[in-house]
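We use all heavy atoms of the structure for the numbers below, so side chains are in, but hydrogens, waters and symmetry mates are not. Numbers restart at 1 for each chain; the letters A, B, ... are given by sequence-line order, proteins then strands.
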Amino acid sequence: MEKTYQPGAIEKNWYENWENKGYFAPSGQGEPYCIMIPPPNVTGSLHMGHGFQESIMDALIRYHRMKGCNTLWQVGTDHAGIATQMVVERLLDADGTNRHALGREKFIERVWEWKEESGGHITRQLRRLGASPDWSRERFTMDDGFYEAVQEVFIRLYQDGLIYRGKRLVNWDPKLHTAISDLEVINEEKKGHLWHFKYPLTDGSGHLVVATTRPETMLGDTAVAVHPDDERYAHLIGKTIKLPLADREIPIIADEYVDKDFGTGCVKITPAHDFNDYEMGQRHNLPMINIFDDNAHLNTNTPEAYQGMERFAARDKVVADLDALGLLEKVVDHDLKVPMGDRSGVVIEPYLTNQWYVKTQPLADEAIKAVEGGDINFVPKQYENMYFSWMRDIQDWCISRQLWWGHRIPAWYDDQGNVYVGRDEQEVRAKHQLGDDISLKQDEDVLDTWFSSGLWTFGTLGWPEDNDFLKTFHPSSVLVTGFDIIFFWVARMIMLTLYFKKEVPFHTVYVHGLVRDSQGQKMSKSKGNVLDPIDLIDGIDLESLVSKRTAGMMLPKLKAKIEKQTRKEFPEGIASYGTDALRYTYYSLASTGRDINFDVGRIEGYRNFCNKLWNASNYVLMNTENTDTGADGSTDFELSLADRWIISRLQEAEKAVIEGFTTYRLDLASQALYDFIWKDYCDWYLELTKPVLWDDNASDARKKGTRRTLIRVLEATLRLAHPLMPFITEEIWQRVKPLAGVEGETIMLAPYPQPEEAKIDSQATQDIEWVKEVIVGIRAIRGEMNISMAKQLPVFFKNGSTEDKRRMEENTQFLKKLATLENITWLNADEEALLSATNLVGKLEILVPMAGLIDKDAELARLDKEIGRLEKDVQRVEGKLGNAKFVDKAPEDVVQKEKDKLAEFKDALNKMQDQKTKIAAL
RNA sequence: AGGACCGUAGCUCAGUUGGUUAGAGCGCUACCUUGACAUGGUAGAGGUCGGCGGUUCAAAUCCGCCCGGUCCUACCA
């Protein structure tokens, strides 16, 4: 084996081997276990959040596969309507053309071309993470088969009266020229103004003052509203306003929505350009005057002077014009939230358009019941509240998008504007007896991408066709996802799946946190704090990292800042840590749904952990290869105390890791495994094997027992660790398996370890704990007295029990080797010891003679420290026991424990004080 | 405004149904190249568990209030 662990050298080979051999496919046997990947955006590349999510899924999948489940991990990507269309439009732009010049058909061809070239990027990266999905079943939301499912769902929902078309106010993106959902609108806090305008009353009796943050919309005002109980304005209700500039007469109405205490208490109402005003407009039957075109430029419903103006230019002009008329009362600074398009970054307009909607209430009712009734469980549980609160206040879902890339809506219109929904034009004609003389035109719009991803769990399995895969793997077992798409996706999957499949899409939703940088900042390109998981795996030099982080940066100032920050944080660039270390870091931080702050210091620690495992395995192989390890099943071996102990500890480690998997606490699983490998197996057990293997007098049976245990515990540990660190465990396991008497082509398909109660040996555990305490006690004296580890010491044991004596006799060789002892002498009660430095293991005194080794003052200082500590302990416990209430009310065993403790502390204190007296008298 | 989550060592994080001396990794200090590993070993320093109250024999843990942070939802035009 290589002297140090070299991840790059093994990962690629093993991955190709696994994939080529088809190990990722379901076995066809055992209990079904299925995860559907949340389809990453096809335009995307793998970021830290994906890395985290995929690593979690892969661990769960590998764990269940090894447990013998019929395991399917279905992978795929999402066509991402807006994002993909934007990417390709940018390419066209660079070529000096655009989609309109190309035409719809050619444009879509171009998108497909692009998808073929670039769409594999993210799946290639997924492979680098060691992900083990069934690649043969990879799906894309625009696949033919999937399209059938999407179409079917649309048609059935339409037939069932759950899809309708309507003219409503939507979130309009004036740059992308499409409706977008509420969830794609980000409300940003902005500093703005509140303009106060005087609106003259028609009867000439004066004016009232309205306040607005959006002056340009006044051109579309169709009322002014006041609160019905507002005495200041009661006399105005029913009168009318002469709307300036637009020169229209509009009513003054009363509505409880108005807040008397805000601004002047008078609100201008623009039903076509504000969601609240829209509702008020409906309540009062107000006309809706749309003042914008698709670009949010002013249209012909506005006075000629404004027509064609861009919305913000129009704002300035409205303000100036009103000011010129003496109608601008004042302008005050005002903080407000501005709706911004998530993708386009421009201000979103509430805009009246014809759109398709899903009537969500009936679907939501069922979806709520599924979670309330426990058919679906969220982990952690608190996310259920988030889900409920959204579901209970759900709005109808606008599913049409004015894009070209996506699932085109299967609806046709005749010249009269009648709409016909069906699979294709022929079907529509046949069904509605429309002759060839009637021209039909398909709806230009496509469906919201989330409409198709809502069918992901069953659509990917071949629905509407009813096949074996669908029967076996649906509902899926668990959905692993971030909380940020619970509304976008999780909720919609639950609604649509319940409606069409009459069953839930998944039983458990495991919600993980967001990956942030080590400071808790969100990773973003503009902050320049993005880490690429692949760079953590392969490493990257500083210059490449800097140019990567600043690529495409337009602002020189920002670019310089990011460069500086990057050079400071990674002066040496990023080292190559390997996939397993990256994955382990994710797991160690994957506690209950909270965000994780990714600190490069952690990954370095886990790279070291991989190296530790590598080198420990090297030691094991060196000592077992070409020897008899009992691989043939022979039983002529004998287990040492250390062997029994490590086997026992292995059972407990297995329990803890399995517990971590079943409760989705991969941080606890990884911690338990880490501690077992490093602290139990490497720090103690490997050291404890040396006195046996290197002892010429040890029996063959005992040596064989030790070698057998070394290799078998390692073999089981590798299987235990495999779901978390697939590559290194496979590499080592291949060498270990013949020596452990294990068959199998790959660790991936080897059985997962099962703890056996019978192998838990508390006697061995207690004995080894004693051995460890003795060794640590001696080392502590050595460490504090600056005695070299190389110096062999004589030690004396005094005041020990018969149990101590037995343990000493049985473990002399362990103690001598691990504490570097010259000899151990047991002193009977009546024997006087040499003047010594002392440590206690229970009542047993461990004595290291001072002669020539230990300075009197140093030992006195050490004793003082120890005595001080014990005095505090005694004081604390005495205080507790002196409290009558504690003694009366606390449970018996707790009180007894305190009493035992006190006795122990007092005994230790006495012994230490005696020592001090003796040494001080010197 | 409402809600959720978080605040534990210099940093990143664990801490189960309240009950040993509150733990880990990184970093730090001292010593050590000993025959798996310096990506290592041994020993050690470092915490009034955000603050104040309360419940309890006993609170990092349960309850209330406050402070600080993150996020979500809804927003007053």
Side-chain angles (χ1 to χ4, degrees), chain A residues 1 3-5 187 194 210-214 217 225 257-259 261-264 266-270 274 276-277 334 336-337 380 382-383 385-386 389-390 393 483-484 486-487 513-514 516 518-520 522 575 577 581 585 588-589 591-602 604-623 659 663 665 667-668 671 674-675 679 682-683 686-687 690 694 776 779-790 820 869 872-873 876-877 880 883-891 893-895 897-898 900-901 905:
Chain A
M1 280 175 80
K3 188 148 170 89
T4 54
Y5 166 58
N187 287 306
L194 201 53
V210 297
T212 181
T213 54
R214 303 197 50 199
T217 61
Y257 159 78
V258 178
D259 181 353
D261 301 325
F262 187 85
T264 59
C266 299
V267 191
K268 59 187 273 309
I269 303 300
T270 322
D274 181 282
N276 289 314
D277 293 4
H334 181 69
L336 72 163
K337 293 228 173 122
Q382 73 249 23
Y383 284 104
N385 292 330
M386 190 169 164
S389 70
W390 191 71
D393 191 29
F483 64 87
D484 48 332
I486 288 180
F487 306 143
L514 233 58
R516 299 167 177 278
S518 62
Q519 309 300 307
K522 219 168 184 165
Y577 296 114
T585 311
S588 72
L589 294 169
S591 65
T592 52
R594 62 184 278 173
D595 286 356
I596 67 175
N597 296 350
F598 195 95
D599 182 9
V600 176
R602 294 288 294 248
E604 189 171 341
Y606 294 114
R607 190 266 321 257
N608 296 351
F609 175 57
C610 291
N611 189 55
K612 189 74 177 177
L613 176 59
W614 184 265
N615 280 298
S617 303
N618 186 33
Y619 167 83
V620 174
L621 290 168
M622 276 168 47
N623 284 286
E659 169 81 7
T663 55
R665 287 300 303 270
D667 59 328
L668 299 182
Q671 183 69 37
Y674 182 100
D675 287 345
K679 293 179 181 163
C682 294
D683 284 353
L686 292 194
E687 295 307 319
K690 290 173 185 175
W694 298 348
V776 168
R779 280 178 185 166
I781 291 172
R782 223 188 250 280
E784 286 175 62
M785 295 299 134
N786 273 323
I787 302 168
S788 154
M789 274 311 265
T820 330
R869 205 177 296 171
K872 260 168 69 185
D873 288 336
R876 196 187 53 250
V877 181
K880 248 187 188 177
N883 182 350
K885 285 180 184 168
F886 171 71
V887 181
D888 289 347
K889 296 197 177 176
D893 58 320
V894 172
V895 176
K897 238 188 213 169
E898 292 297 317
D900 294 347
K901 242 173 10 187
F905 287 145

Just to be sure I understand the rule, does [X] reach a base, reach only the sugar-phosphate, or reach nothing, if contact means heavy atoms closer than 4.0 Å?
X	value
A/Asn385	nothing
A/Leu686	base
A/Trp694	base
A/Ala616	base
A/Cys682	base
A/Glu659	nothing

Would you say A/Lys889 places a side-chain N or O within less than 4.0 Å of OP1 or OP2 belonging to B/C57?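 Answer is yes, contact under 4.0 Å.
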
Indicate whether OP1 or OP2 belonging to B/G40 is found under 4.0 Å from a side-chain N or O atom of A/Arg607. no

Rounded to whole Å, please give me the gap between CD in A/Gln382 and C1' in B/C6.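 My rounded result for the distance is 11 Å.
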
Is it true that A/Tyr577 and A/Tyr606 have ring centroids separated by less than 6.0 Å?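 Here the rings of A/Tyr606 and A/Tyr577 have centres that are no less than 6.0 Å from each other.
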
Mapping A/Gly783 and A/Leu589 to their closest nucleotides on RNA chain B, which lands nearer the 5' end?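 Nearer the 5' end of the strand: A/Leu589.
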
Between [N] and [M], how far apart are the two [atom1] atoms, rounded to whole Å?
N	M	atom1	value
B/G27	B/C49	P	27 Å
B/U20	B/U29	C1'	29 Å
B/U48	B/U12	C1'	23 Å

If you check the [X] side chain, which of [options] turns out closest?
X	options	value
A/Ser591	B/G19, B/U42, B/A14	B/A14
A/Asn883	B/G15, B/A36, B/C57	B/C57
A/Lys690	B/U21, B/C37, B/A36	B/A36
A/Lys3	B/A38, B/U39, B/C13	B/A38

Letter per nucleotide, 5' to 3', of nucleotides 67-77 of chain B [B base touched, S only sugar-phosphate touched, - untouched; heavy atoms, 4.0 Å]: ---SS--BBBB

Sugar-phosphate or base contact per nucleotide [nucleotides 25-34 of chain B; S, B, -; heavy atom under 4.0 Å]: S---------

Check the pair A/Asp888 / A/Lys885 against salt bridge (charged side-chain N to carboxylate O under 4.0 Å, His left out), numbers first and verdict last. CA-CA 5 Å; A/Asp888 289 347; A/Lys885 285 180 184 168; over 6 Å; no

Check the interface with nucleotides 45-48 of chain B: list each N/O to N/O pair with the protein under 3.5 Å, or write none.
none

Nearest heavy-atom pair of A/Glu659 and A/Thr663: which atoms, and what distance? O-OG1, 2.7 Å

Tell me the stems RNA chain B sits in, counting at least three consecutive Watson-Crick or G-U wobble pairs, each under 3.5 Å on both distances. B:1-7 with B:67-73, B:10-13 with B:23-26, B:28-32 with B:40-44, B:50-54 with B:62-66

I'd like to check the salt bridge (charged side-chain N to carboxylate O under 4.0 Å, His left out) partners of A/Lys889; sequence neighbours left out, ordered by chain and number. none

Who passes side-chain hydrogen bond (donor to acceptor under 3.5 Å, both in side chains) against A/Thr217, sequence neighbours left out? A/Lys268

